[in-house]
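This report refers to the structure that appears directly beneath it.
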Amino acid sequence: MFLAVSIVCDDYFLPSLEIISECLGLSQDVAGATFMAAGSSAPELVTAFLGVFVTKGDIGVSTILGSAVYNLLGICAACGLFSSVVSRLSCWPLFRDCLAYTVSVVAVLVMISDNRIYWYESASLLFIYGGYILVLCFDIKINQYIMKKFSPCCTCFAKAMEENTEQQPLVGWREESGPLIRQSRQDSGIFQDELDYSQLSTSLHGLDEVSEGHPSVFTMPEADMKRILWVLSLPIITLLYLTIPDCRRQFWRNWFMVTFLFSAAWISAMTYVLVWMITIAGETLGVPESIMGLTLLAAGTSVPDTVASVLVAQKGNGDMAMSNIVGSNVFDMLCLGIPWFIKTAFINTSGPIEVNSSGLTYTAISLICSVVFIFLAVHLNGWKIDKKLGAICLVLYLVFTILSILYELGIIGNNPTRVCGN
């Protein structure tokens, strides 16, 4: 299932994202925070709906809040450790996404503090996400204002101003088929006026060379290990080939939205099976449920985010990777708002939804600290994703996980251990 998620992300999901970014004129960080975050977070959306309408419990809350620390620190560690390319980061996108995520977390924690969710509370979550999208629409002007306002007193903003002036090319972007594509925060935002956006593609898969001659997915690799993996994954490759149009080929290029939606649906289905297998493995090995939820299940539901972020980080697109990491968490907050609002406003209008807010204080501290730590770690590391940052994030994630497990087991804090049947 790990291999299947990797294949669908690499061959279908990310190429469709590239064409969407090119058609709408999205910068890499805006694309990562919107379409990429929404597609790779499809499993969390499914989980939230299951929790509200099927199991009628707080499984959505526990899954999304429980995996939030992994989404930030764990995926960032994977991007740094598994990428051979050092990716440069921009200050504004990370600050913008971290601020939006902090606001979203505070809003959710305030709402569930009384164990009840009302329709106007769930609607406010949707308004918060709508405000986040509005900020992305006017990202250029906001970015320029922030740069000019704070560059005298903040070195990272001053460096960003210099980079915008120098118009340095982005690592990993190509020059073979046209003029040099330059990366600038002036190229950020959803709506653009420039006429040369046919050239603006983050080129993760060389989509500037899309043609009928694109190698077939059934072409056998030359390396021995890749051949073994190719043979093992051939049933998956065939199934995906028959059910998802390959928008990298000229014939299917205009079907990129269908490719995006179908690949997101496959990602959700594969993640469901993956989490199911992880649960069975944990039950077989006798791993306590509390530890499973904080470690294996938290990582399992975030496999698409991990795979997608590592793939783009390997191509040098650090802003897209980081915006996907934080933007996915912002979208996860929206995941909670949609089913809550549908149920309280249209289905069960007589009363609020009951949720469980036990351990709320520790959750709040963990989430806010993880945001602060990742921002400080990136800042102290010189605004780049490398193996050093990956190692720091991995250590921080292990510390958070160990403390969370000790809290769940009742060793620290005032959280009594819950025994099945009591």
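Salt bridge R248/D246: present, at least one basic N to carboxylate O contact under 4.0 Å. Checked for salt-bridge contact, E22 and R253 meet the test: a charged N lies under 4.0 Å from a carboxylate O.
With 3.5 Å as the limit, one finds no donor-acceptor pair spanning the side chains of D11 and Y241. No donor-acceptor contact under 3.5 angstrom links the side chains of T259 and W252, judged on distance only. Judged by distance alone, the side chains of N324 and S328 do bring a donor and an acceptor atom under 3.5 Å apart. Residues Y70 and T401 bring no donor and acceptor atom of their side chains to less than 3.5 Å of each other. Inspection of the W92 and D139 side chains reveals an N or O donor paired with an N or O acceptor under 3.5 Å.
Taking the six-membered ring wherever Trp is involved, the centroid distance between the rings of W383 and F95 does not fall below 6.0 Å.
Proximity of F13 to V8: side-chain heavy atoms (C-beta onward) are nowhere separated by under 4.5 Å. Side-chain contact check for I267 versus C9: some heavy-atom pair is nearer than 4.5 Å. With contacts defined as side-chain heavy-atom distances shorter than 4.5 Å, the pair F341/F346 qualifies. Residues M257 and I20 are in side-chain contact: their nearest non-hydrogen atoms beyond the backbone lie under 4.5 Å apart. Within the 4.5 Å cutoff, the side chain of W340 has no heavy atoms near those of the W119 side chain. At least one side-chain heavy atom of L89 sits under 4.5 Å from a side-chain heavy atom of D319. In this structure the side chain of D305 never reaches within 4.5 angstrom of the side chain of M36, judged on heavy atoms. A 4.5 Å side-chain heavy-atom check between K388 and N381 finds at least one atom pair inside the cut-off.
Within a 6.0 Å sphere centred on CZ of F373, other residues, nucleotides and ligands contribute 12 heavy atoms or fewer. The number of heavy atoms from other shown groups lying within 6.0 Å of NZ (K226) does not exceed 12. For F262, the CZ atom sits in a loose shell: 12 or fewer heavy atoms of surrounding residues, nucleotides or ligands are nearer than 6.0 Å.
Of the possible polar contacts, one joining the E121 side chain to the Y118 backbone as a donor-acceptor pair under 3.5 Å is found.
Annotation for P304 and V5: closest pair CA-CG1, 4.0 Å, computed over non-hydrogen atoms. Listed here is the closest heavy atom pair of C23 and F256: SG-CZ, 4.0 Å.
Of the candidates N317, D97, T34, S323 forms a side-chain hydrogen bond (donor to acceptor under 3.5 Å, both in side chains) with just one, namely D97.
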Exercise for the section: Determine, step by step, whether C76 and L72 satisfy the side-chain contact (heavy atoms from CB on, under 4.5 Å) criterion, reporting the C-alpha distance in whole Å, the side-chain angles of both residues, the deciding distance to 0.1 Å, and the verdict. Expected result: CA-CA 6 Å; C76 188; L72 288 170; over 6 Å; no
Exercise for the section: Give the intermediate values and the outcome of side-chain contact (heavy atoms from CB on, under 4.5 Å) for residues I374 and M322. Expected result: CA-CA 10 Å; I374 195 169; M322 291 302 298; 4.0 Å; yes
Practice task
List the steps, then state whether ring pair (Phe, Tyr, Trp, His ring centres under 6.0 Å) holds for Y12 with F260.
Solution key: CA-CA 7 Å; Y12 298 98; F260 178 82; over 10 Å; no
